[in-house]
Every structure is written in structure tokens, then in C-alpha cells.
Amino acid sequence: MTETRHAYEGLRAWVEARTGLSLTPDRRASVDLVIAGAMARAGLGEDVQEYRRRLEADDDLLDDLLAELTVGETYFFREPAQFQFLRHTVLPEIRRRKEGDHVLRAWSAGCASGEEAYSLAILFLEEGVADHCRLLATDLSRAMLRKARRGLYGAWSLRGEGAEAARPYLKPQGTHYAVAEHVRRLVTWDCLNLARDVYPSPATGVWGMDLILCRNVLIYFDRETVRRVARRLYDALAAGGWLLTASTDPPLAEDAPLETVVSDQGVFYRRGPRPASRPIRRGGEPTPEAAAPAEPTPAEAPPEPRPPAMPEPWPRASGTLPSPLGADWSETALRIRALANEDVAEAERACAAATEQHPLASELHYLRAVLLVDLGRDEEAIQAARRAIYLDRSLAIVHFTLGSLLERRGDRAGAWRAYRNVRDLCRAGSAEEIVRLTDGVPAGRLAGAAEARLAQLETAREACR
Ligand SMILES: C[S@@+](CC[C@H](N)C(=O)[O-])C[C@H]1O[C@@H](n2cnc3c(N)ncnc32)[C@H](O)[C@@H]1O
């Protein structure tokens, strides 16, 4: 082993120990590339030892490296079923339990470029709790936080099936959308490394939370760090407070004394509703002395004839890292999706190259189709969706996307066939099963949406006779 390789190995081990990130051996090459890039930016050439000394002394430098090792992919109202649960279950429950002037304390932990926090702010406005809320959003990446504070997004941030809910609060600005001032005002942004033992604490503003969203972040941590973060999230909750993780995140029930609430909208966690040990006064600060399920969600209306949600594609194993290389297509896809947050056209070009490198990866063809839709290139999107289906006929969501595109193009017969395929595929198994490549959409719901489209196409055909 050369000296340099040895130095890299030592640095990787140190980063893992310090941050809890899981830099598994199969990611070694890509992690080393990221490290080399970060050293070059710091003007250190190949001097790994010196870089490590600086990392030990400079938290900002370390945070910058960590931000490179994780991916900030996100969009408005991601996993919309969870927002339904917040609207119909969590907020009414907190209202019932707390006094009228209670300040609702909420935290988007690992907020990336801010879409999640703004989605919460919108929800709070619509549910009439915005006047009495403290909404904190934190991330490790300062670059992400800068973007979040700007509140300016491309159409790509609106790709989820729930994202329409954000539109009334966005003002078109050239090719982008600016978050309305009254929404922006509701969110406080800060830099916080969840793996560090600095919270809950008044200094970080993280304490006594009624609601924490920590979604798609725990996947970056090793098992031990997940355990420690879960415990700290629990400690940061007020009595009776709610914790939401993403459907793809590791389960936490064994890591902290959280109650698990299973509902039609997913699995949620709660801290037991014992009396609060720290009285909270209006304004949301601890008092000086302290210093320190309801109605079921109504069925959703079938989606409009537009390509449906950007999926939450390809399973992401706990503790794996995306690679900047193209060696593994699923990691490449993750990178492309993150890139799309910045520049959809560039992401589409990268995706086209990736499909050449991995021509049999149906998911990549589908991702390309979704990106092409976003760019308004429907005909190419149809071709890409067809290629994905050719490779894997069982991808119901791709049939649905194809149906939507064909319907938009006026090809009713083609759309009808595509929706029929969706219905047949989704009705073949359990209604609860999550449709592959989707953001937690159950088969029954997608089947219902396809049936609604089929019925509408039938009605239109009858009317033409
Ligand atoms: C995939 S994004 C999740 C965004 C949002 N929560 C969502 O679900 O859409 C993951 C974010 O976690 C952040 N992150 C990764 N490790 C972190 C850590 N140790 N502390 C805080 N944030 C971290 C990354 O910077 C990135 O912005």
C-alpha cells in the first residue's frame, strides 16, 4: 500500500468516526475523489495529512467536505401522504392538546434547499397556525442553506405529485418561482450537523419541538450514529411531539423510546404525552425557571392528466453514499436527481449519457423521461418511457407517465392502453404495496387514478359517437 493510499484510508476512517457518515468500502474510489476535490479547493494539492489537520481545527472546512459526500435532493410536498397526515391528524391533535396561545415549534432537520420547510410553512398558513409558530430549518450544507434562504426555485422543485399545493405561494420570476414573502418570513435557517452532540439546546434553538421532520437524512449514517441521532431527536421533542422520517429511512422504534403510529399515510413516531417538564411560554423560549390520531385522510382526487409524481426511485440502502462516478447506475441516478435540483437541462444531458453507459437500466430511462417532460420535450419523453417499458413491462408508474403524455398529445387509444396496463399491474397484487419507483404511492391509489382516467376517456369516446 502506498503512503498516499494509507493516508486516504486514515482520513476516511477519521471522517467516519467524527461524523457518523457511512463510507462503505464499495464507495472508496468515489469518496477519495470527493476528498481529492475538496483538498484541491482548499489549495492543498496531495497533502492529506495537512488537510486532516485543518479539518480537525476548522468545522467549516469539515462541513464543506460532508456536504460533498451527501446529496441534497428534495422538492415541494415530498411524500404528500405525510403532509396529509400532518394536516388531518397531527395539527388537530396538537391543537386539541395545547392551549390557545401555544407556540407550535417545528423543525425541518436536514432541510437541503428548503422546499420541505417552505411546504411546512404553507401548511401552517393554510391551517391557521402560522401566527403562532416557530419553524426552524437546519442543514449541514451552507450552500444548500444559501439556496433555501433565497427561496428561488426551478420547475424541478415542483416535480412531486403534491407540489401543486405550493403553486399559489410561488411567484413566477423569469424561468423560476419565488416563494412569497409571507411564507419566507415564517422560516428560520441555521447550520447544524445532526451527527454532533450539540442539541437539544437553547443555543441551537432545538428543544421542545412539537414536530420534527427528519427525512432522507438518516440514510447517510452508520447504524450507531442513527441510534444516537434518534435518541437526540427524541430528546428534542416536547411531550406528545411528533417525528416524521421518510418511508425509505431506517426504522427508529428500537433506538429511542418513541411510540410508533401506523396509519394509512405511513409510519410516524411520537414522544409519549406525559406532562411537559419544561413549561413553554408564548414566544417559544423556555421559561426562566425551566431554562431549558384523528379522522382518516379523505381519498385524494385522481391526478390531472399530466405526468405524475417524480418518483422516489431505486431503493437506497441504509448507510450507502451516492458516487460522483458512473460505476453504479443507481448512484448515478441519485447524482442526476440532485443535479436536476440545480439545472434540469444539465441533468438530462447527464442522464442521456448514463443511459448509454447503462442501456439496460430501465429506471434511468424513466428518470430521463421525467426530466424531458420537465423540459417540455414530450416526444422524446415518450420515447424514453417506451424504452423503460420495453426493458421492464412491470413498471406501472412508467405506464402511467406514458398514458399522461399520450393523452396530452391527443392519442386517446394509446393513453387508454397505457392506463389499462397500470390498472392491471396495480390490481394484480396487494393494494397497499408501494408502486416501484414512486414516492410511496400505494398500488391501490395508482390503480384508482388509472381507472378514473380510463372512465374519462370512455366518456369522451361516448360523447364523440
Ligand atoms: C436528501 S436531502 C433531504 C432533504 C429533505 N429533508 C427531504 O426529505 O426532501 C439530505 C440532506 O441532508 C443533509 N445532511 C447530510 N448529513 C447531515 C448531517 N450530518 N447533519 C445535517 N444535515 C445533513 C444534506 O446536506 C442534504 O441537504
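Heavy-atom basis, side chains included; hydrogens, waters and symmetry copies ignored. Please read these numbers as outputs of a predicted model, since none were measured by experiment.
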Beyond-backbone contact of Arg420 with Arg423, side-chain heavy atoms, under 4.5 angstrom: yes

Intermediate values then yes/no, side chain to side chain contact (heavy atoms under 4.5 Å, CB included), Cys111 and Leu145: CA-CA 8 Å; Cys111 62; Leu145 287 166; 3.9 Å; yes

Any Arg445 side-chain heavy atom under 4.5 Å of Glu161 side chain: yes

Main-chain N/O of Gly240 paired with Arg270 side-chain donor or acceptor, under 3.5 Å: yes

Heavy-atom pair of closest approach, residues Asp222 and Leu21: OD2-O, 4.2 Å

Between NZ on residue Lys98 and CD on residue Glu93, distance to nearest 0.5 Å: 9.0 Å

Close side-chain approach of Thr89 and Ser263, heavy atoms under 4.5 Å: no

Arg337 side chain vs Leu334 backbone, donor-acceptor pair below 3.5 Å: no

Nearest heavy-atom neighbours spanning Ala38 and Leu65: CB-CD1, 3.8 Å

Flag side-chain contact, heavy atom, 4.5 Å: Arg95 against Val129: yes

Test: Arg167 and Glu164 ion pair at under 4.0 Å: yes

Gap separating the CE atom of Met209 from the CG atom of Leu104, nearest 0.5 angstrom: 10.0 Å

Gap separating the CZ atom of Phe124 from the NE2 atom of His132, nearest 0.5 angstrom: 14.0 Å

Worked verdict on Thr245 versus Tyr269 for side chain to side chain contact (heavy atoms under 4.5 Å, CB included): CA-CA 8 Å; Thr245 58; Tyr269 301 107; 3.7 Å; yes

Residues that Ser119 engages under side chain to side chain contact (heavy atoms under 4.5 Å, CB included), provided they are two or more places apart: Phe76, Phe77, Phe83

Carboxylate-amine/guanidinium contact Arg215 Glu79, below 4.0 Å: no

Heavy-atom closest contact (Cys214 atom, Leu243 atom, distance): CB-CD1, 4.4 Å

Exam field: side chain Glu348 to backbone Leu371, donor-acceptor pair closer than 3.5 Å: no

Test item: Arg271 side-chain N/O and Leu233 main-chain N/O as donor-acceptor pair under 3.5 Å: no

Heavy-atom donor-acceptor pair, Asp210 side chain to Gly241 backbone, under 3.5 Å: no

Under 3.5 Å donor-acceptor, Tyr220 side chain and Gly20 backbone: no

Note, Tyr169 side chain near Tyr118 side chain (heavy atom, < 4.5 Å): no

N/O donor-acceptor pair under 3.5 Å between Thr401 side chain and Ile397 backbone: yes

Note: Asp392-Arg436 ion pair, threshold 4.0 Å (strictly below): yes

Student check: side-chain heavy atoms of Thr138 and Thr204 closer than 4.5 Å: no

Which atom pairs, donor and acceptor, lie under 3.5 Å between side-chain atoms of residues 178-195 and protein residues at least two apart or in another chain?
residue	atom	partner	partner atom	Å
Arg184	NH2	Arg149	O	2.8
Asn193	OD1	Ala195	N	2.9

Side-chain heavy-atom pair Val229, Val217 within 4.5 angstrom cut-off: no

Closest heavy-atom pair and its distance - Lys147, Ser113: CD-CB, 3.8 Å

Side-chain heavy atoms of Arg12 within contact of Ile35, under 4.5 Å: yes

Between OG on residue Ser404 and OH on residue Tyr419, distance to nearest 0.5 Å: 3.5 Å

Distance (rounded to the nearest 0.5 Å) between Ser108 OG and Leu120 CG: 6.5 Å

Side chains of Arg453 and Gln456, donor plus acceptor under 3.5 Å: yes

Contact summary for Ala388 and Leu395, nearest pair of heavy atoms: O-CD1, 4.4 Å

Cationic N near anionic O, under 4.0 Å, Arg87 to Glu127: yes

Distance in Å, Leu402 CG paired with Asp411 CG, rounded so as to fall on 0.5 Å steps: 8.5 Å

Arg408 and Asp378 ion-paired at < 4.0 Å: yes

Presence of salt bridge, Glu254 and Arg223, under 4.0 angstrom: no

Any donor-acceptor N/O pair, His365 side chain to Pro359 backbone, under 3.5 Å: yes

Main-chain N/O of Ala112 paired to Asp139 side chain as donor or acceptor, under 3.5 Å: yes

Derivation and outcome, side chain to side chain contact (heavy atoms under 4.5 Å, CB included), residues Ile336 and Arg368: CA-CA 10 Å; Ile336 291 168; Arg368 178 144 185 255; over 6 Å; no

More than 12 heavy atoms of other groups within 6.0 Å of Arg97 CZ: yes

Residues Arg78 and Glu73 bridged, charged N to O under 4.0 Å: yes

Shortest non-hydrogen separation from Leu135 to Ala117 and the atoms involved: CD2-O, 3.5 Å

Check against side chain to side chain contact (heavy atoms under 4.5 Å, CB included), Val422 and Leu446: CA-CA 8 Å; Val422 178; Leu446 190 60; 3.8 Å; yes

